[in-house]
Amino acid sequence: MIRIRRIDTRHPLYAQEVDLRTRVLLRPIGLTMDDYLTLAPGREERSEHFVAVFDHPQGERVLGTATLLCPDGDAEERSGKVSQVCVDPQRQNEGIGQKLMVAIEARAFGELGLPGLYCHAQLVAIPFYEKIGWRVNSEVFLEAGIKHKRMAIAAPAETDIADPELEFELE
Ligand SMILES: CC(C)(COP(=O)(O)OP(=O)(O)OC[C@H]1O[C@@H](n2cnc3c(N)ncnc32)[C@H](O)[C@@H]1OP(=O)(O)O)[C@@H](O)C(=O)NCCC(=O)NCCS
């Protein structure tokens, strides 16, 4: 059984989240977690962290993660920003990434009442977001030396917001 959990940086699973992000997202572009923290001071603590966890006999294992940064009270941008979406390379293409995004959208559009979400998607990941209804709304730009496009999704009509299933079996 895989569960999606929402944690913060003080949670015991945060270390595993950081390890996964370092392996899958940061190290391949020559960054450490310390570099990431320096680039955006305070962002980690202000973000909500979502982890997909598997019950291993020796304890919970984080297989995927994503973060959600809510807009500042007086910021012009009213949408939440989704970042650091990644899944353990040995468990990609099993639906874990999609389940993480379902949980983030449910949180953002349900309890938090945000009008939309956006992300800076690496070009290789654009089809992943498009499959769940996100759309590109920028030209290509460079971030950390990697080509990205901005993608976004608007909140659905209130009646369409479903309670997500946060525990699931993978086929
Ligand atoms: C991108 C990523 C988060 C997707 O997570 P995942 O668990 O592998 O994706 P899922 O299994 O939930 O895939 C959902 C759908 O998107 C598709 N998909 C996933 N990654 C894709 C990709 N790179 N290109 C095309 N389609 C992709 C899957 O085939 C699946 O389609 P289906 O429903 O028709 O079968 C994961 O592959 C990953 O960590 N990649 C490396 C890091 C990365 O690029 N992160 C994004 C940074 S913006």
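Both counts, for ligands and for their atoms, begin at 1 and track the order of listing. All values below come from the heavy atoms of this structure, side chains included, with hydrogens, waters and symmetry mates left out.
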Enumerated ligand 1 atoms positioned under 4.0 Å from heavy atoms of Ala121: 48 (S)
Among all protein heavy atoms, pick the one closest to atom 7 (O) of ligand 1 and tell me residue, atom and distance. Gly97 N, 2.7 Å
Atom CD of residue position Glu45 - does it have more than 12 heavy atoms of other residues, nucleotides or ligands inside 6.0 Å? yes
Atom 45 (N) of ligand 1 [closest protein heavy-atom partner, distance rounded to 0.1 Å]: Val85 O, 2.9 Å
Shortest protein heavy-atom distance from atom 8 (O) of ligand 1, along with the residue and atom involved: Asn93 N, 2.8 Å
Just distances here: any N/O of Arg91 and N/O of ligand 1 closer than 3.5 Å? no
For atom 13 (O) of ligand 1, the closest protein heavy atom turns out to be Phe128 CD1, 3.9 Å
Can you label the angle between the Phe141 ring and the His148 ring as parallel, tilted or perpendicular, going by 30° and 60°? parallel
The protein heavy atom nearest to atom 22 (C) of ligand 1 is Val124 O, 3.6 Å
Under 4.0 Å between a Lys/Arg side-chain N and an Asp/Glu carboxylate O for Arg107 and Glu48? yes
For atom 40 (N) of ligand 1, closest protein heavy-atom neighbour: Gln92 NE2, 3.6 Å
Would Arg150 count as a cation-pi partner of Tyr118, with NZ or CZ less than 6.0 Å from the six-membered ring centre and within 45° of the ring normal? yes
Is the terminal nitrogen or CZ of Arg5 (NZ for Lys, CZ for Arg) located under 6.0 angstrom from the six-membered ring centre of Phe50 and within 45° of that ring's axis? no
Indicate whether atom 28 (C) of ligand 1 is within a distance of less than 4.0 angstrom of some protein heavy atom. yes
Within the protein, is there a heavy atom lying under 4.0 Å from atom 35 (O) of ligand 1? no
If you have a sec, work out which protein heavy atom is nearest atom 25 (C) of ligand 1 and how many Å separate them, to one decimal? Pro127 CB, 3.4 Å
So does Asp88 pair up with Arg61, basic N to acidic O under 4.0 Å? no
With rounding to the nearest 0.5 angstrom, report the CD1 to CZ distance, Ile153 to Phe109. 5.5 Å
Taking both backbone and side-chain atoms of Ala125, is any N or O found less than 3.5 Å from an N or O belonging to ligand 1? no
With heavy atoms of Glu94 as the reference, note each atom of ligand 1 found under 4.0 Å away. 11 (O)
Taking distance alone, with no angle check, do Gly95 and ligand 1 share an N/O pair under 3.5 Å? yes
